[in-house]
Every structure is written in structure tokens, then in C-alpha cells.
Amino acid sequence: MTQQPESDPTPRDWWPRDWWKAAVVYQVYPRSFADSNGDGIGDIAGIRQRLDHLERLGVDVLWLSPVYRSPMDDNGYDISDYQDVDPLFGTLADLDGLIADLHDRGMKLVMDLVVNHTSSAHAWFQESRSSKDDPKRDWYWWRPPRPGHTGGEPGAEPTNWGSAFSESAWTFDPGTGEYYLHMFASSQPELNWENPEVRRAVYAMMNWWLDRGVDGFRMDVINLISKVVHDDPPDLRDGVKGGPDRQAGPIDTVRFGDPGPYVLHGPRVHEFLQEMHREVFARRPAGLLNVGETPATTVEQGLLYTDPARAELDMVFQFEHVDLDSGPGGKWDVVPMTSRDLVDSLARWQEGMGEVGWNSLYLGNHDQPRCVSRFGDDSPEHRVRSAKALATLLHLHRGTPYIYQGDELAMANVPFRDINDTRDIESHNAYRAALTRGQDPDLAMAAIRYKGRDNARTPMQWDATEHAGFTTGSPWLEVSPDHVTVNAAAQVDDPDSVFSHHRRLIELRHQEPVVVHGSYTRLLRDSEHVHGYLRSLDGRELLVVVNLSGTDGQEAGVPDAPAWASAELVLSNAGEPAERDRIVLGPWEARVYRRG
Ligand code: TEU
Ligand code: CA
């Protein structure tokens, strides 16, 4: 990020405690970003070699998905040692080097904090499963088989809960004759946050990383840490199967009970987050960022988590807009959604958070399919314009934007031929479960092609060479065939590229306080394809209008349109408009006007 002249305030100059309101975050999925040693797997040295890309883009923060020691069952979201780097990704010294490189460039590093669960290979769990009397037994959720059932037998699970990875949420441990709980893979046992020793160990580990120079955390499924434990009768209860009022999200409630009411937003979640804030963040100077990943969260709950007066989280990743195409059968029950559904959801959170809470703004990450394919149009005709239209819509909302690696290049979903082309445990479990249910393999594969997480995990496309410049070896996951045209080398010097459009959006946030602190007013609420909103601050106004369809001649009938049509056009993805007395948008066209 080039040093701005003194006269032009940059975020760093006025980074109060809520500096992150003016920042843009770039997410790196280390396995797929850049490989420095030819083993086909991305690593920290590779990231350090590619920091110019982030600096040219203009982002302020790098969110690094997990690089800790891990058996990699869930690509690092299964941690066996929180205070060491997995040799696959490098060493602690490499990470120190990355922290120093970023700080030298005026950027920050946010680490992924995965403390709802550990890996079953973690020493804590090894001790806990060693015997019922082990001092760490209560660091996890152990329960005897369901009364009247033999451990290990179908139906003997303590409750009928399903996991997010299409299996029972319980695994039997013959060694101690009991079951342990896991909301994800069986190699990701849930930590028992009811136990103060567990919480102390987590806070000590967080402080260790912050003392090392890390600038904050993205907290994995942090709204799952408090479970509902009933007193009378004691223990955990079965979940509801099927039915309309199931909680949204990945759980297949056709086969399993819905654990949502018992594991999401539990009775002590806010107490734990406030304690964490006191023990870790409150004692430190401004300049840190903590964002919580909170599936199945309502606006009301989002306010509780992000209201600064409550000292819990700076912002959350809520899932409402990334669950719009999930039907009653869960994530893999793909249902159609419209651009109106998307904009309605974004508007609900803008209006819901108001001036109190704060939104994270994202359309993609390592768990979601590519946003240009899902919300835009990745056909050759519309890919570039729709990617720019989506970025314009997202970045100028009130909140902190997140760019997932490759979305700044409009990387798209991948035409996986069959399940063997994929690597993700979630997809593999879902595919197996679908076939067990007798589903047509082609249909199951179609859902994975549309929603599978590997769409976001194919190697970063740096150039048009064989493996897109990602590795000199053979990549752990095939590079997408479209890398010959869609790659960074083709875009970073092209003023009309999707990359350059993102750079201008980030510049606008850095230079326009109205983008950071301005109020939000929804416009065109009843329009099907054309969407718009106003940002205003101290008489300064920005009008954002986008046509999220391939249909031409879409008029944006905003109030005062003739005046706006002749106002200053600060950004467009379709060049100078012909008309200056009304706003008529072409396919996937986006415009940003400014006045005041
Ligand atoms: O994701 C949690 C989560 O909600 C996802 O599992 C999501 O529901 C699903 O993938 C959407 O399809 C976090 C991490 O981001 C994810 O990568 C991990 O697999 C998961 O937690 C377990 O750590
Ligand atoms: Ca490597």
C-alpha cells in the first residue's frame, strides 16, 4: 500500500478502536494461495512472495485461514497444536516473517481461531479419552450410550443430533465405552467451554499469539461454544427431525435431529465472549480486530454480538444470504434464489445493525462456492461485468468488506467431473450420505458442483502457465481450466480488469468517510433486477445503483433521478452513460454517483 501524502488522510492516521470500519480484509486460504517449494500445496513462504498482489489491491488486513499443526482432515480446521505451524505450511519463524512483512507494508494479520473444537489428535483430547478419570475428561463432551442401548450400536447415540458433515454428531469410543460430541467431523471433538480450565487455556493461547504481533482473530463457529444442558431430567435432548421450522444451514434433518436449538447461541455464549474480551482484548491498545463466524444468526442476535457497549465481537459473519439457496433438506437441497432475495437480505442487516452493530460484508469464502457463479453470471459474456457489479453492490454497503482470494479476479466455480475431482470432507460425506439415501449420483454431484466448498479452494490463478503459477509441482487440487484467461498477470496492469475495479472500490473506502461512516438508505425496494441505496454523511452523498441481471434497458427510478443522472459519476463498470437525464442500466451495469 503506497504511502499516501500527509494531506490525504489514510486509515492509519485515524485508526481509533474501530479502525476496521475503514479497512478492507483479504482472506487467504493457505493451501491454495501460493506454493514456494513445489510440493503442490500452498505455504507461508509462498504468501510472503505474493504480498505485492495484496499491496497493489490496497487491502489493509490479511485474514489467514488456519496454518497450525493439524492432521488436515478439514484442511486445518482440525487443530492438534495451537502454538505451532504445520510443517506443510512452514515454521513459526516463517509466520513471524509474514507478520513483519505485513507490518512493514502497513498491513495487519488476523489469524483463524478454531476453539469450538480441536483435532482428536490434540494432546488435550488424547488425555481426555485416555480414561474417565483423566483430569481433562471434562474438557470435552462425553456421554454414556442412550439408556437401554449398547455402545456402538445404531441408535445408541446419546442424542439424535446430526453433524454439519452429514453424520451423527456422536462417535463411540470403545476405550472408555462412551460417546464424544462433534458438530463437524468425528476428528473434530467439541471443547467443553463450561469448564473454566478450557477457557483459561484458550485465552492464554490467544494472548500468546497477540504478544507475537498478530492483530486479531477470525473466530470459527464461535456461536456454538455454549451448549444447552438441561437440569431436569439432566442432560442433552433429542432434536426435531424434518419439518418447516428447522434451523437453516448444513444439518440434514431428514436423517438426524436438529441440534441447532441446543448448540447455537447457547445460554452462556455472551458471558463467555465478554469474559474473553476482558481476558484478551480489553487490556490491549487499539488496532486489533475480532470477527466471529456465527452460522444461523438473526439480526437481533447479531446486534447482541456486535454492539460495542457489550464488548463481545467487532463484527460477525452471518449466513442469511449464503443460505438463500438452501432448501428444507439443508445445504445440498439447492433451491433457486433471486438477486432481490440477496439484496433484501443485505438490506435487512444494514437496517438491522443501524448505527449500533456492525456488518462484515462478504459474498465468498473458503466454505462457499464462487460468488460470480452463484450471485452473478460466469458466462464469458457477463463474467467481468457481473463480478464488478457484485463487488460494487457489496463494498459500498455499511460494514467491513472481505475479499476471498481469487474473487478480485472473478475466479468462478469449477466443472468438477465427478466426486474424485474433489477433496473436501464435507462434500465427500454428503455425497456418500446421498447415495446411502438412494439419491441419483448425478443429482448428488450436481449439488456438489453448485455448492461444494472445493469451488473456492482450487489454486489461485496467478498466470496462464500450466498450474497457473501456483506451483512448480502437481497441485493438491486441480487448477481450474479457465486460468488461461482468468489470472492475476492478465489483470493487475489492466485498468478495465475486475482486479482494478476492486482497487478503486478500496480506494473509495479509504478516501471517502461517507463510505465508512455514512448512513444507509435502501432505494428501489420493489424492483426485481435494479437495486440501489444511498450513503450519506454531513451533506456528502453516494448513490449506488446496480442491475443484477442480463436484461438491458433497466431504469433506476430513484428519487431525484434526473439530478443524479447529471451528478459526478465516480465509478462505473460500463463506461460513460449515454443519457444524463435519467439512469438506464445495461446488463449487469453498476454506477456510483457522488454529490455534496
Ligand atoms: O465453518 C462453519 C460452517 O458453518 C460451515 O461448516 C458451513 O456450514 C458449511 O461449510 C457451509 O457449507 C467453519 C469453517 O469455516 C469451515 O471451513 C470448517 O469446516 C468448520 O467451521 C469446522 O471448523
Ligand atoms: Ca508448499
Side-chain angles (χ1 to χ4, degrees), residues 27 29-49 63 65-68 70 72-79 85-91 94 112-119 162-166 182-191 218-225 247-252 260 263-264 291-297 316-319 322-323 325-326 330-334 362 364-369 374 402 404 424-430 447-448 450-457 459 467 470-476:
Q27 181 192 0
Y29 193 69
R31 214 179 162 81
S32 307
F33 194 65
D35 174 23
S36 69
N37 62 354
D39 64 354
I41 297 177
D43 47 52
I44 297 170
I47 299 170
R48 296 179 69 186
Q49 290 163 3
W63 155 26
S65 277
V67 292
Y68 313 95
S70 165
M72 301 296 171
D73 290 358
D74 188 15
N75 290 355
Y77 282 91
D78 50 317
I79 297 170
V85 169
D86 194 278
L88 209 56
F89 295 130
T91 65
D94 290 325
D112 219 304
L113 180 79
V114 187
V115 290
N116 169 68
H117 47 269
T118 69
S119 164
S163 79
F165 291 167
S166 308
H182 51 88
M183 297 317 302
F184 298 92
S186 56
S187 58
Q188 291 169 298
E190 301 289 290
L191 274 169
R218 173 267 185 192
M219 305 183 191
D220 195 59
V221 283
I222 204 66
N223 62 332
L224 269 69
I225 59 178
Q247 296 250 358
I251 311 290
D252 172 3
V263 300
L264 287 164
V291 50
E293 183 206 28
T294 56
T297 294
V316 294
F317 290 117
Q318 51 86 13
F319 281 51
V322 293
D323 266 339
D325 46 15
S326 294
K331 167 176 180 164
W332 308 105
D333 175 11
V334 179
Y362 77 101
N365 60 36
H366 62 293
D367 289 335
Q368 304 297 331
R374 188 185 199 182
Y402 288 75
Y404 178 65
D424 178 23
I425 183 172
E426 184 190 53
S427 296
H428 285 203
N429 285 12
I448 287 167
Y450 176 85
K451 273 280 201 69
R453 306 191 299 180
D454 283 327
N455 281 304
R457 298 175 180 189
H467 296 309
F470 165 73
T471 180
T472 54
S474 57
W476 71 277

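FYI, side chains are in, hydrogens and waters are out, and symmetry mates aren't considered; it's all heavy atoms of this structure. Whatever order the structure lists ligands and atoms in, that order sets their numbers, starting from 1.
Considering backbone and side-chain atoms together, H366 places an N or O closer than 3.5 Å to an N or O of ligand 1.
Looking at D43 and the Ca ion (ligand 2) together, the shortest N, O or S contact belongs to OD2. For D35, the N, O or S atom closest to the Ca ion (ligand 2) goes by the atom name OD1.
With the Ca ion (ligand 2) as the vertex, OD1 of D39 and OD1 of N37 span 80° to the nearest 10°.
Test D35, D43, N37 against T471 for side-chain hydrogen bond (donor to acceptor under 3.5 Å, both in side chains) and you get one pass: D35. Each of V114, D74, D78 was evaluated against S119; a single residue qualifies, D78, per the side-chain contact (heavy atoms from CB on, under 4.5 Å) test.
For ligand 1, the atoms closer than 4.0 angstrom to any heavy atom of H117 are 22 (C), 23 (O). Residue K331 has at least one heavy-atom neighbour below 4.0 Å for each of these atoms of ligand 1: 11 (C), 12 (O). For ligand 1, the atoms closer than 4.0 angstrom to any heavy atom of E426 are 9 (C), 10 (O), 11 (C), 12 (O).
Under 3.0 Å from the Ca ion (ligand 2) lies an N/O/S atom of I41, whether from backbone or side chain.
For F184 and Y77, the distance between ring centers is not under 6.0 angstrom.
Under the 3.5 Å distance criterion, with hydrogens and angles disregarded, no donor-acceptor pair is assigned to the side chains of S70 and D86.
Distances from atom 23 (O) of ligand 1 to the heavy atoms of D220, N75, D112, I79 put D220 nearest.
Only side-chain heavy atoms of F165 come within less than 4.0 Å of ligand 1; its backbone N, CA, C and O stay farther off.
Ligand 1 is approached by R218 to a heavy-atom distance shorter than 4.0 Å. Under the 4.0 angstrom criterion for non-hydrogen atoms, P295 is in contact with ligand 1.
Here the side chains of I425 and F165 are in contact, with some heavy-atom distance below 4.5 Å. Proximity of M72 to W476: side-chain heavy atoms (C-beta onward) are nowhere separated by under 4.5 Å.
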